[in-house]
Amino acid sequence: MFLLILILLPLLSAIIAPLLKPKAATYLTALFFLLPFFGIIYSVLTNYTPVIHLMTFSAPIGEIYLNFDFISHALGLTICIVSAMIAMFALPYMQHRFEEMKLDVEKEFRTYIFLYDLYAASMLWLVYSGNLILLYVFLEIALITAFLLIYFYGYGSRQWVGQLYLIWSLVAGVLTLAGILIIGVNHDTLALNALMLPGVTVSTVAWAFIFIGMVIELPVLGPHVWLPWAHAEAPTPLSALLSPLTVGLAGYVLLRVALIDYSFIVTYRIPILAYALFSSIYAGFSVFRQTDFKRLLAYSTVSQMGYVLVALCLGPFGLIGLVIQYMSHAFGKSILFSSAGGVIAVHHGLRDLRKMGGLHDSIPTISNAAVMGFLNLGGMLTIGMLGEFFILRGVIETFGISTKALPVLLAVIFMFILSVWYGFYTIKRVFYGKPKSTERLEISSYLYVPLYIIGLVSILLLFPPLSSALIPGLKAVILGGLIP
């Protein structure tokens with residue numbers, strides 16, 4: 001029951017924080033996400049995975065409950081630590097943004113912190129939802145609050161970008177809802193514990209609706225058109241949640257449906273895998289063409305979401321890789337979008353890569369944080385290493401060791417190398433080279449200390465006791481569950 005109380009705290013923060021001054025509201029938000037973070041860590045270390053019944057509706061909805069298994073714990077701890085730290089980062093950043101927009105700081109901060117808390121809390125509740133319709137409800141709350149944050153506080157044509165994001169998200173949501181309802185009508189329930197019993201199948205039509213909807217939401221190449229706009233023009237604290245946390249939740253939804261019935265992925269494995277690899281590699285090369293720092297990071301997200309779709313195709317080990325890839329990408333990209341925000345804040349809106357170079361001399365703390373972000377994306381010395389290991393093992397377990405498997409293995413390895421390549425390219429182009437000024441700028445500690453804490457968590461999760469508790473727990477749910 002203590003976990004239920006802990007995940008209620010972020011929702012409580014959405015009610016209380018708007019009543020406080022900006023600094024107090026920020027600290028309350030951070031505290032109310034850190035408490036569940038430590039509660040989830042304790043649960044992982046002690047193998048505590050309760051199921052909490054909330055209520056029961058008639059068919060086709062069925063039981064509404066909270067599912068505290070290791071998959072949800074992995075995503076839950078990620079959402080909590082990133083949301084807590086980005087809330088701290090946002091304190092000076094959003095005050096600067098309100099002043100830039102000539103808005104009343106205290107009044108606007110109340111609206112902002114309410115939307116921020118509700119947005120982050122809805123993602124946390126989504127991953128613990130044990131019923132597909134409850135999961136969908138929280139997904140929609142997350143999408144609408146993100147839209148409002150872009151609409152009110154974004155950059156450029158923020159209202160047009162907000163509407164673009166909302167329309168694409170609604171299309172994805174409606175398709176997914178159609179698939180969920182078909183599952184409910186076919187089985188008289190949407191409760192995961194009932195759907196995950198042996199012998200339950202998901203019809204091809206339902207799978208197709210959910211798959212197309214979530215591919216739009218991820219997104220991969222093609223339906224990705226909304227992402228560079230939304231991620232680039234959103235206020236940076238939202239970018240630091242939208243890219244790292246929200247888009248990856250589409251992969252989480254696909255994972256949950258795959259654990260009910262994996263046959264759709266088996267049937268269409270090769271075309272999906274080919275599409276995912278092409279998307280990841282194409283978007284990876286697109287990173288090199290960008291001249292806007294935030295759009296560069298947005299294309300990197302498209303490439304990284306290709307990892308998620310690749311992992312989905314690679315059996316139980318790939319599914320473990322999918323969960324870890326969500327965590328790794330969330331840690332890395334939250335650091336990187338915040339680093340871009342730090343550059344914008346201290347260099348008066350600087351986003352153009354052609355005007356950058358040598359920024360390490362003026363803002364070394366942000367430069368070093370960005371390196372930690374790219375280490376996560378490249379799978380180096382962080383939990384990202386485990387994600388790449390399980391994806392590669394998924395390739396070998398799925399295709400075996402043969403000349404036929406070699407093209408897939410080489411393509412996956414190249415996909416990994418490409419992330420490291422554009423990571424070093426970006427670091428060199430933004431922070432190194434001939435400096436335009438060697439003056440060390442004063443910078444608020446809020447703009448970099450939270451990023452180091454996220455980076456530290458990403459490193460600690462690579463080593464025991466956290467990794468030695470988390471990985472067996474994920475194996476128990478995925479390997480010992482529905483996919484023998």
Side-chain angles (χ1 to χ4, degrees), residues 71 75 78-79 119-120 122-127 129 132-150 161-183 202 206-234 238-258 264-265 272 275-276 279-280 283 297-313 319 322-323 325-326 329-330 333 337:
I71 298 173
L75 272 68
T78 306
I79 291 168
Y119 173 50
S122 64
M123 290 189 283
L124 181 62
W125 276 74
L126 186 158
V127 300
S129 296
L132 289 175
I133 201 68
L134 186 64
L135 179 154
Y136 175 78
V137 168
F138 284 113
L139 179 64
E140 289 297 289
I141 294 173
L143 298 177
I144 291 170
T145 47
F147 154 70
L148 291 173
L149 285 166
I150 297 172
V161 173
Q163 291 169 28
L164 177 73
Y165 168 72
L166 184 65
I167 290 169
W168 277 97
S169 298
L170 287 177
V171 170
V174 168
L175 290 171
T176 303
L177 179 62
I180 287 173
L181 291 178
I182 292 171
I183 294 174
V202 176
W207 240 120
F209 274 127
I210 295 172
F211 181 80
I212 295 171
M214 290 298 95
V215 162
I216 293 172
E217 191 62 38
L218 261 177
V220 283
L221 201 66
H224 77 290
V225 290
W226 63 268
L227 187 139
W229 289 102
H231 290 205
E233 304 306 332
L238 175 62
S239 301
L241 296 192
L242 188 63
S243 173
L245 300 181
T246 309
V247 296
L249 290 177
Y252 171 75
V253 174
L254 292 172
L255 168 63
R256 284 297 183 190
V257 179
F264 181 86
I265 301 300
I272 294 173
Y275 175 42
S279 172
S280 181
L297 296 176
Y299 274 94
S300 162
T301 295
V302 178
S303 180
Q304 291 278 310
M305 289 304 102
Y307 281 37
V308 168
L309 204 53
V310 167
L312 182 71
C313 299
L319 296 182
L322 186 158
V323 175
Q325 171 59 23
Y326 176 91
H329 176 254
K333 201 51 70 64
F337 268 110

Phe209, CZ atom: more than 12 neighbouring heavy atoms under 6.0 Å:
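12 or below, so no.
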
Considering residues, nucleotides and ligands other than Trp226, do more than 12 of their heavy atoms fall under 6.0 Å from its CH2?
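For Trp226, atom CH2 is crowded (more than 12 foreign heavy atoms under 6.0 Å).
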
Verify, without hydrogens or angle tests, whether [X] (side chain) and [Y] (backbone) share a donor-acceptor contact under 3.5 angstrom.
| X | Y | answer |
| --- | --- | --- |
| Tyr326 | Leu245 | yes |
| Thr301 | Leu297 | yes |
| Tyr165 | His231 | no |
| Ser279 | Tyr275 | no |
| Tyr252 | Val127 | yes |

Please work out whether the ring planes of Phe264 and Trp207 are parallel, tilted or perpendicular, with thresholds of 30° and 60°.
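Aromatic pair Phe264/Trp207 classed parallel.
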
Angle class for the Trp125/Phe138 ring planes (parallel below 30°, perpendicular above 60°, tilted otherwise)?
tilted

Quick check: do Phe147 and Leu143 have side-chain heavy atoms less than 4.5 Å from each other?
no

Counting C-beta onward and ignoring hydrogens, is there a side-chain heavy-atom pair between Ile150 and Leu166 closer than 4.5 Å?
no

Name of the residue among Val253, Ile210, Ile183 meeting side-chain contact (heavy atoms from CB on, under 4.5 Å) with Leu132
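Of Val253, Ile210, Ile183, side-chain contact (heavy atoms from CB on, under 4.5 Å) with Leu132 is met by Ile183 alone.
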
